[in-house]
Amino acid sequence: MRHPYPIREIARQAGLSTATVDRVLNQRGNVRESTIREVHAAIKDLDRQQTQVRIGGRTFMIDIVMQTPERFSTAVREALEAELPSLHPAVVRSRFHFRETCPPAELIGTLDKIAKRGSQGVILKAPDVPEISAAVGRLVGAGIPVVTLVTDLPHSARLAYVGIDNRAAGATAAYLLGQWLGSRSGNVLTTISRGSFRGEEEREMGFRSTMRLAHPQRSLVEVTDSDGLDATQHDLVIQALKRDYDIIAVYSMGGGNLATLDAFDALGRECAVFIAHDLDHDNTRLLRERRLSAVLHHDLRQDVRRACQIIMRAHKALPDDGPALPSAIQVVTPYNMPLGVSPLPSAG
């Protein structure tokens, strides 16, 4: 695999020794297939990050660790790599550790490996369980600042949380859904990828409390523990719809929205209002097709830029600008797509 990079730079990107990278590049054998893939992935990451030009700034190696469906991890990777030039004169290199689903022990192993190997910082999306909070403590103890993204670990030693106020987002969803359903009777399906993600749990609490006050006549039917994966989500929604024939609306906190809509279609059921989160590729298409009513969105590029800047401030590379405020919640319809997202084609 041809490349312009020194072996030590590839080794740093991959988190491997220079000797291992040399064996892979020169096909000397005695290397696991997974290690070969890590080296090739590191070279591809370096290719994508070549938009940055070294102009005398400091170099930061940041690890992005996330348990999330591929559609969201892809959106995070694209957002980060689009923002890298804006971080000049610093140069940021990123290593990605993405899992769609895994036991906490696997994420903990990744975090402990980073603590042992070293890093300038970690951006983390993980379940809020004590074992992961303890692993965050070990990272911080090793001098590695941790910033949580989208979903928080408030009882950990993390430096900051970057994302929206999730309770406010849930309350906003309840308000919109109530306005659009009006006096029409029917119940609401709420979908959560996994209850251990605090961000989704807070959205659910904000939604449920607002619905209880404003629309006590509507029952909420919960689907959870799908990890946002389409196949699992589809089956769980089918079961919920068969149990409750009065479900006419959806508030999705954890993704799998195409699968949810396919389940409605498979049973010939109407979804009158569907509110989702995040303008990933699936939701953008579904919104254009008017299969979603609205998407509660936050500027992911701005969020990852802020996360990187917080890590830089921890290393005294930027001046302190006070505590991070929640990201703005945008209510996006087919007609007000943010810049960079193709608008709805005109009817003409």
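Remember, predicted model here, so these are calculated numbers, not experimental data. The residues of the chain are indexed from 1 along the displayed sequence.
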Review point. Between Arg305 and Asp299, does a salt bridge (charged side-chain N to carboxylate O under 4.0 Å, His left out) hold up when you go through it step by step?
Key: CA-CA 10 Å; Arg305 182 173 69 248; Asp299 188 335; 6.0 Å; no
Is there a donor-acceptor pair closer than 3.5 Å between any side-chain N or O of [X] and the backbone N or O of [Y]?
X	Y	value
Arg198	Pro154	no
Ser209	Gly206	yes
Ser156	Ser133	no
Tyr161	Ile164	yes
Asp303	Val76	no
Thr110	Glu106	yes
Asp280	Asp282	yes
Glu270	Ala249	no
Gln120	Met61	yes
Glu200	Ser193	yes

Point to revise | Within residues 60-73 or reaching into it, pairs that qualify as side-chain hydrogen bond (donor to acceptor under 3.5 Å, both in side chains) - sequence neighbours excluded | key: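 Only Asp63-Arg95, Asp63-His97, Asp63-Arg117, Asp63-Ser119 qualify under side-chain hydrogen bond (donor to acceptor under 3.5 Å, both in side chains).
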If you look at every heavy atom in [X] and [Y], which pair is closest and at what distance?
X	Y	value
Arg285	Leu258	NH2-CD2, 3.6 Å
Cys308	Leu80	SG-CD1, 3.7 Å
Ile310	Ala160	CD1-CB, 3.9 Å
Pro319	Arg313	O-NE, 2.8 Å
Asn187	Ser219	OD1-N, 3.0 Å
Arg23	Asn30	NE-O, 4.2 Å

Any [X] side-chain heavy atom under 4.5 Å of [Y] side chain:
X	Y	result
Phe207	Met211	yes
Leu287	Leu279	yes
Asp246	Ser185	no
Ile43	Gln13	no
Val223	Val221	no
Arg8	Arg12	no
His298	Pro326	no
Thr224	Leu236	no

Using 0.5 Å steps for rounding, measure from the [atom1] atom of [X] to the [atom2] atom of [Y].
X	Y	atom1	atom2	result
Leu181	Leu176	CG	CG	11.0 Å
Phe274	Trp180	CZ	CH2	12.5 Å
Asp227	Ile192	CG	CD1	12.5 Å
Arg290	Thr333	CZ	OG1	9.0 Å
Leu124	Thr151	CG	OG1	9.5 Å
Ser196	Asp225	OG	CG	7.5 Å

Point to revise | Leu296/Val331 under side chain to side chain contact (heavy atoms under 4.5 Å, CB included): CA gap, chis, key distance, verdict | key: CA-CA 5 Å; Leu296 301 181; Val331 179; 3.9 Å; yes
Find out if a path of hydrophobic residues (ILVMFWY) with successive side-chain heavy-atom gaps under 4.5 Å connects [X] to [Y].
X	Y	result
Val146	Val162	no
Leu149	Leu107	no
Val147	Ile62	yes
Val237	Leu229	no
Ile114	Ile10	no

**Study point:** Distance-only donor-acceptor check, side chains Asn257 and Asn283, under 3.5 Å
**Key:**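 Yes.
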Review point. For Glu204 and Thr190, does a side-chain donor sit closer than 3.5 Å to a side-chain acceptor?
Key: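 Checked: Glu204/Thr190 side chains show no N/O donor-acceptor pair below 3.5 Å.
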Exercise for review: Report the C-alpha separation of Met66 and Phe96 in whole Å, then their side-chain angles, then the decisive distance to 0.1 Å, and conclude whether the side chain to side chain contact (heavy atoms under 4.5 Å, CB included) test is met.
Suggested key: CA-CA 8 Å; Met66 304 184 73; Phe96 300 98; over 6 Å; no
Check your understanding: Going through the checks in order, is the side chain to side chain donor-acceptor pair (under 3.5 Å) test met by His277 and Tyr251?
Key -> CA-CA 9 Å; His277 278 267; Tyr251 173 39; 2.7 Å; yes
Review point. Please walk me through it: do Asp112 and Lys116 pass side chain to side chain contact (heavy atoms under 4.5 Å, CB included)?
Key: CA-CA 6 Å; Asp112 285 343; Lys116 182 178 179 181; over 6 Å; no
Exercise for review: Applying side-chain contact (heavy atoms from CB on, under 4.5 Å) between Val188 and each of Ile248, Leu220, Val273, report the one that passes.
Suggested key: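 Looking at Ile248, Leu220, Val273, the match for Val188 under the side-chain contact (heavy atoms from CB on, under 4.5 Å) is Leu220.
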Review point. Can you list the steps and then say if Leu300 with Asp278 is a side chain to side chain contact (heavy atoms under 4.5 Å, CB included)?
Key: CA-CA 9 Å; Leu300 196 54; Asp278 303 317; over 6 Å; no
Check your understanding: Under 6.0 Å from the CZ atom of Arg28, do we count more than 12 heavy atoms belonging to anything else shown?
Key ->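 For Arg28, atom CZ is crowded (more than 12 foreign heavy atoms under 6.0 Å).
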Check your understanding: Are there more than 12 heavy atoms of other residues, nucleotides or ligands under 6.0 Å from atom CZ of Phe98?
Key ->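 For Phe98, atom CZ is crowded (more than 12 foreign heavy atoms under 6.0 Å).
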Point to revise | Derivation and outcome, side chain to side chain donor-acceptor pair (under 3.5 Å), residues Ser327 and Arg306 | key: CA-CA 10 Å; Ser327 305; Arg306 287 173 59 204; 3.2 Å; yes
Exercise for review: Given side chain to side chain donor-acceptor pair (under 3.5 Å), test Thr260 with Gln233 step by step and report yes or no.
Suggested key: CA-CA 7 Å; Thr260 297; Gln233 181 79 4; 3.0 Å; yes
Check your understanding: Think Lys125 forms a cation-pi with Phe197, using NZ or CZ under 6.0 Å from the six-ring centre and within 45 degrees of its axis?
Key ->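 Lys125 over Phe197 ring: yes.
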Practice item. Before accepting this row, confirm whether a basic side-chain N of the pair Asp45/Arg77 lies closer than 4.0 Å to the acidic partner's carboxylate O. Key: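 Answer for the salt bridge query: yes.
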